[in-house]
Protein chains: 2
Amino acid sequence: MSKHNRLDQIMDYLKEHNLVTVEDLVIAIKASPATIRRDLIKLDEQGVINRTHGGVTINRFIPAQPTTYEKIHRNQSEKQSIADIAASFVLAGDSIILDAGTTTLEIARRLTHMPLRVITSDLHIALFLSEFKQIEVTIIGGKIDDSSQSCIGEHGRLLLRQINPDIAFISCNSWSLEKGITAPTEEKALVKASIAEKANRVILVADSSKYGSYSLFSSIAMSSFTDVVTDNKINKDIHSQLKLQNFKLHISNNSIK
Amino acid sequence: MSKHNRLDQIMDYLKEHNLVTVEDLVIAIKASPATIRRDLIKLDEQGVINRTHGGVTINRFIPAQPTTYEKIHRNQSEKQSIADIAASFVLAGDSIILDAGTTTLEIARRLTHMPLRVITSDLHIALFLSEFKQIEVTIIGGKIDDSSQSCIGEHGRLLLRQINPDIAFISCNSWSLEKGITAPTEEKALVKASIAEKANRVILVADSSKYGSYSLFSSIAMSSFTDVVTDNKINKDIHSQLKLQNFKLHISNNSIK
DNA sequence: TTAAAAATGATTAAATTTAATCATTTTATT
DNA sequence: AATAAAATGATTAAATTTAATCATTTTTAA
């Protein structure tokens, strides 16, 4: 499976070697230096590797280490494609907020190559992005919710009230037009609401499988969003309804290659 | 500062960063490129790091167990023995603060079996402790300093002012009776000072090799500490002086196995 | 204290890697 | 099959890193 894709071959090689050169990969993969470099740029933009002038390693700080490049492509193609679209909204120099979650982490992986200010509630996102010098990272602080390893509580909300970001990216476990997005605890719901509060653009990133369910605590009404990004597996009737709303609807096509 | 010390500093930095350049280390360690390169050659010969033309990583295939590197470089074992003593001060149910650093991370490793509230500025410590259900973790929040991957700035200090912990554990890069503990940036110095401010017991954990040097910004006077934990390599004269102070002095015996 | 030895820092030439450009090959579409 | 589009490879100039050299500072030992 993985031998078909050259990017997978590179990741496989990196898993087995601590620190390699482009020359190593040229020999191992049997491709030209130019091709290897072009591949490395793609992998670097996804944050799964780190490069210097002359060296390449796998990024050992990426959460869920065993979730390798190929697994990401197989199991999370919807999140990937949603993140692709979401990341394209960000411009160099922007100040953005990333909510806690795996979809927002995917967005983070796509933003490593540009100067940014990023505020987040997510420990993984903070640690990951802090490796990149052109990105100024702020974590909102507060009690750590261990299911999501992110900050909850009033302290972080205080910081959120003091900033005016360009874009806020919100993720969720459940969403619908009627109930908006909901969360399993009051604290999580409140943090999300605060994240959405001040941003110029408020973007929901949520895959279609989460549509229709809901948790106990309401967090954000759908009318608060300026944009919604979801995938093309969304039900047709719901799709029609979503198109009629005030937010811009973006549908990703997670065609698996 | 001794040469062993700087090699330890490099290893500490590499543990917390995936792939670094000589330039990164020049800034982090405050030595010239030539010196860093000479150090890297030594570490490379020991096999604990890997280098390319332009990049350095820790060798992640070397067991991070208490063997290979620590036998060669003793400061790690000093930190271990200091952490042993420091951790023994903590009782189940306590609320404690852990400053950012590798010594305080060692303390955290020894506290996972008891119910605790832990407040920290360190992303690694927060992420590590959040795995343990009986430990409630709070991160102070704020901008991430990427050399230490910990929180700095006014926002975190605000939280620190609102809590009254049982114990605060402070680490440092430089300490002395005259200058107290000092830090390379004002923001780091201020955060440390705030960490020490409200705790019932304020404990400095600092290995002997760091004694006598100082950075630009003063952070905490020695008179603010209730306890000091250091190792038995401390100079005898200094030892005598330290014993005369108001704090309790604890000397760890880092017997090298 | 003084002299010798070791460590460190600064400078610049050499070596290495990368980016940019363009030709060629492969793949996709009609 | 023909054409367009995309991916790959080769070439060279530019950028970056290193090694070598020597001056300076710090440490060690007499």
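Just so we're on the same page: letters track the sequence lines, and every chain starts at 1.
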S.K.: Which one of T226(A), D94(A), D166(A), D227(A) satisfies the side chain to side chain donor-acceptor pair (under 3.5 Å) criterion with R201(A)?
M.R.: D227(A)
S.K.: In whole Å, what is the span from the CD1 atom of I27(B) to the C1' atom of dG9(C)?
M.R.: 17 Å
S.K.: dT8(C) P sits how many Å from D39(B) CG, rounded?
M.R.: 7 Å
S.K.: Could you list the donor-acceptor pairs under 3.5 angstrom formed between side-chain atoms of residues 82-91 of chain A and any protein atom two or more places apart in sequence or on another chain?
M.R.:
from: D84(A); atom 1: OD1; to: R110(A); atom 2: NE; distance (Å): 2.6
from: D84(A); atom 1: OD1; to: R110(A); atom 2: NH2; distance (Å): 3.2
from: S88(A); atom 1: OG; to: I85(A); atom 2: O; distance (Å): 2.5

S.K.: Please identify each residue that fulfils ring-ring contact (aromatic ring centres under 6.0 Å, His included) with Y13(B), with sequence neighbours left out.
M.R.: H17(B)
S.K.: I need the CD1-P distance between I36(A) and dT18(C), as an integer number of Å.
M.R.: 12 Å
S.K.: Which listed nucleotide (dT21(C), dG9(C), dT18(D)) is nearest to the side chain of R51(B)?
M.R.: dT18(D)
S.K.: By the ring-ring contact (aromatic ring centres under 6.0 Å, His included) test, which pairs, at least two apart or in different chains, include something from residues 168-193 of chain B?
M.R.: W175(B)-Y211(B)
S.K.: Under the side-chain contact (heavy atoms from CB on, under 4.5 Å) test, which residues partner S208(B), sequence neighbours left out?
M.R.: T230(B), D231(B), K233(B), I234(B)
S.K.: Rounded to the nearest angstrom, tell me the gap between atom CG in D44(B) and atom P in dA19(D).
M.R.: 11 Å
S.K.: In whole Å, I'd like the distance from the CZ atom of R6(B) to the P atom of dG9(C).
M.R.: 7 Å
S.K.: Taking only residues two or more places apart in sequence or in another chain, which ones pass ring-ring contact (aromatic ring centres under 6.0 Å, His included) with F128(B)?
M.R.: F132(B)
S.K.: Any side-chain N or O of S32(B) below 4.0 angstrom from OP1/OP2 of dG9(C)?
M.R.: yes
S.K.: Nearest whole Å is fine: how far is dC22(D) C1' from R38(B) CZ?
M.R.: 11 Å
S.K.: Distances for protein N/O vs nucleotides 11-17 of chain C N/O pairs under 3.5 angstrom?
M.R.:
from: dT17(C); atom 1: O3'; to: G54(A); atom 2: N; distance (Å): 3.3

S.K.: For the helix from dT1(C)-dA30(D) to dT30(C)-dA1(D), figure out the bend between the end axes, five pairs an end, and round to 10 degrees.
M.R.: 50°
S.K.: May I ask you to test the K188(B)-F217(B) pair for a side-chain heavy-atom distance under 4.5 Å?
M.R.: no
S.K.: Expressed as a whole number of angstroms, how long is the span from K30(A):NZ to dG9(D):P?
M.R.: 13 Å
S.K.: Return the set of residues passing side-chain contact (heavy atoms from CB on, under 4.5 Å) with T57(B) (not counting sequence neighbours), or none when no residue passes.
M.R.: N18(A), L19(A), T57(A), L19(B), N50(B)
S.K.: Using a 3.5 Å cut-off and no angle test, enumerate the donor-acceptor pairs between side-chain atoms of residues 25-41 of chain A and protein atoms at least two apart in sequence or in another chain.
M.R.:
from: S32(A); atom 1: OG; to: T35(A); atom 2: N; distance (Å): 3.3
from: S32(A); atom 1: OG; to: T35(A); atom 2: OG1; distance (Å): 3.1
from: D39(A); atom 1: OD1; to: R6(A); atom 2: NH2; distance (Å): 3.0
from: D39(A); atom 1: OD2; to: R6(A); atom 2: NE; distance (Å): 2.5
from: D39(A); atom 1: OD2; to: R6(A); atom 2: NH2; distance (Å): 3.0

